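Below: the structure, in structure tokens.
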Amino acid sequence: MSEFVQSLARGIAVVRSFSADAPRQTLSDVARSTGLTRATARRLLLTLEDLGYVRSNGRYFELTARILDIGYSYVASLNLNDIAQPFLESFSEVVRESSSVSVLDDTDIVYIARVPTKRIMTVAIGLGSRFPAFQTSMGRVLLAEQDDDEVLELFRRSDRSQTTEYTVTSGKALLEQLHKVRQLGWSLVDQELEIGVRSLAAPLRDAAGTAIAAMNVSTHVGRTSLDELTAEFLPRLLDTAASISRAISMR
């Protein structure tokens with residue numbers, strides 16, 4: 001059809017050629033997997049590199065975290081906060097603790113929905129608030145969807161100026177935590193963002209099973225033990241996250 005933009009379709013094909021099985025590719029790899037000529041594949045890769053979506057060491061190409069901006073635009077278009085808000089309100093009413101939804105934006109999580117109850121952090125949290133993803137339960141369930149090399153790059157560029165004695169301090173330690181998250185399907189962060197604050201999080205998935213956001217519940221160590229958090233809060237959190245995911249899938 002006359003409106004079809006072939007160059008755009010080819011650019012998308014190049015991006016989609018990268019995967020968990022092929023996170024780093026040579027020019028020949030990309031040309032072969034997309035069916036493009038080497039000259040066309042090279043032009044597209046260099047364009048994506050110039051835009052910041054791809055990086056190269058001279059031989060191998062790989063996606064950068066900026067590619068997540070495209071996914072973030074999709075999440076924003078879903079009106080995800082409108083979908084999640086009533087579920088958060090019901091959940092928070094039952095557990096009597098604050099609950100939130102956030103999305104990953106490069107190295108940070110950004111709050112897009114929230115039901116506050118008791119203030120437990122020294123910093124007021126509202127819609128649009130940002131925190132380093134590696135330090136938060138919601139950030140970790142979203143980082144767990146990335147490959148290890150991508151996580152290490154995000155960690156390298158993250159703001160690590162505000163930490164506690166419990167905060168992970170190395171990429172290796174973070175990867176160990178994320179491997180647990182991948183096995184469990186949820187994340188627990190205990191006083192790594194701020195002393196006294198504990199948080200549980202689970203991913204929110206679209207119809208394709210992609211984690212496009214995360215939901216959490218946060219509490220204070222003086223009110224909730226770790227055993228209580230996992231025995232009583234976790235099942236409700238997982239049920240609510242599943243309900244929100246189903247609602248997302250039906251949009």
Side-chain angles (χ1 to χ4, degrees), residues 20 65 67-68 71-72 74-76 78 80-81 83-84 87-88 91-92 95 97-115 121 125 129-155 158 166-168 171-194 197-219 224 226 229-231 233-249:
I67 203 72
L68 296 172
Y72 178 71
Y74 164 68
V75 172
L78 283 177
L80 184 55
N81 56 332
I83 296 173
F87 292 98
L88 291 186
F91 173 75
S92 291
V95 300
E97 295 289 357
S98 299
S99 182
S100 307
V101 169
S102 70
V103 296
L104 188 65
D105 183 22
D106 195 25
T107 62
D108 298 337
I109 57 165
V110 181
Y111 282 69
I112 63 169
R114 180 165 170 79
V115 177
M121 292 188 64
I125 300 175
S129 293
R130 308 174 72 96
F131 293 103
F134 82 93
Q135 263 180 293
T136 69
S137 60
M138 289 190 285
R140 287 186 186 173
V141 295
L142 295 173
L143 289 177
E145 301 287 311
Q146 312 299 319
D147 63 66
D148 287 357
D149 288 341
E150 190 70 22
V151 169
L152 291 175
E153 172 61 17
L154 286 169
F155 180 72
S158 294
Y166 301 101
T167 307
V168 294
K172 179 181 178 181
L174 176 60
L175 290 180
E176 290 174 354
Q177 292 297 319
L178 295 185
H179 292 165
K180 293 179 183 178
V181 174
R182 290 167 186 149
Q183 292 175 341
L184 296 171
W186 51 271
S187 174
L188 167 63
V189 168
D190 186 14
Q191 305 184 79
E192 294 191 47
L193 184 62
E194 184 170 313
V197 178
R198 287 173 172 156
S199 179
L200 274 175
L204 303 179
R205 300 186 181 277
D206 63 13
T210 302
I212 60 172
M215 170 193 174
N216 86 334
V217 58
S218 52
T219 185
T224 311
L226 290 174
L229 196 60
T230 54
F233 286 29
L234 179 59
R236 292 187 173 95
L237 174 75
L238 295 177
D239 285 347
T240 304
S243 296
I244 296 174
S245 295
R246 284 193 293 271
I248 293 170
S249 299

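Because the structure is predicted, anything quoted here is derived from the model rather than measured. Hydrogens, waters and symmetry mates play no part in the numbers below; they use all other heavy atoms, side chains included.
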Of all heavy-atom pairs linking G171 and F155, the shortest is N-CE2, 3.3 Å
Rounded to the nearest 0.5 Å, how far does OG of S129 lie from CD1 of I112? 12.5 Å
Can you see which heavy atom on A214 is nearest to which on M138, and at what distance? O-SD, 3.4 Å
With no hydrogens and no angle check, is any side-chain donor or acceptor of N81 less than 3.5 Å from a backbone partner on A113? no
Test side chain to side chain contact (heavy atoms under 4.5 Å, CB included) applied to E145 and R182, R205, E150, the passing residue: R205
Could you tell me whether the side chain of W186 reaches within less than 4.5 Å of the side chain of L237, counting heavy atoms only? no
Measuring only between side-chain heavy atoms, which start at C-beta, is L154 closer than 4.5 Å to F134? no
Roughly how far apart are T107 OG1 and Q135 CD, rounded to 0.5 Å? 11.0 Å
Result of checking L143, V181, L142 against S187 for side chain to side chain contact (heavy atoms under 4.5 Å, CB included): V181
What one should report as the nearest heavy-atom pair of Y166 and D190 is CB-O, 3.8 Å
R236, CZ: over 12 other non-hydrogen atoms inside 6.0 angstrom: no
In Å, rounded to the nearest 0.5 Å, how long is the span from CZ of F87 to CE of M215? 10.0 Å
I'd like to know whether F131 forms a side-chain contact (heavy atoms from CB on, under 4.5 Å) with I125, so could you lay out the CA-CA distance, the side-chain angles of the two residues, the decisive distance to 0.1 Å, and finally the verdict. CA-CA 10 Å; F131 293 103; I125 300 175; 4.0 Å; yes
Please list, chain by chain and in numerical order, all residues satisfying side chain to side chain donor-acceptor pair (under 3.5 Å) with S245, sequence neighbours excluded. none
Do the side chain of Q146 and the main chain of V151 share a donor and acceptor less than 3.5 angstrom apart? no
Distance from L200 atom CG to S137 atom OG, nearest 0.5 Å? 7.0 Å
Taking D206's backbone N and O only, do any of them form a donor-acceptor pair with T210's side chain (distance below 3.5 Å, no angle check)? no
Which atoms form the tightest heavy-atom contact between G185 and P203, and what is the distance? O-CD, 3.4 Å
F233 CZ to T240 OG1 distance, which is reported to the nearest 0.5 Å: 12.0 Å
Can you list the steps and then say if R198 with E97 is a salt bridge (Lys or Arg N to Asp or Glu O under 4.0 Å)? CA-CA 11 Å; R198 287 173 172 156; E97 295 289 357; over 6 Å; no
Drop me the distance from I67's CD1 to D106's CG, to the nearest 0.5 angstrom. 12.0 Å
Donor-acceptor contact present, side-chain D105 to main-chain D108, <3.5 Å: no
If every non-hydrogen atom of A247 is compared with every non-hydrogen atom of I83, which pair is closest and at what distance? CB-CG2, 3.7 Å
Hey, are the side chains of T136 and V189 touching, using non-hydrogen atoms and a 4.5 Å cut-off? no
For the pair R140 and E192, evaluate salt bridge (Lys or Arg N to Asp or Glu O under 4.0 Å) and give the outcome as yes or no after the intermediate values. CA-CA 12 Å; R140 287 186 186 173; E192 294 191 47; 2.5 Å; yes
Heavy-atom pair with the smallest gap, counting every atom of D148 and L175: OD1-CD2, 3.6 Å
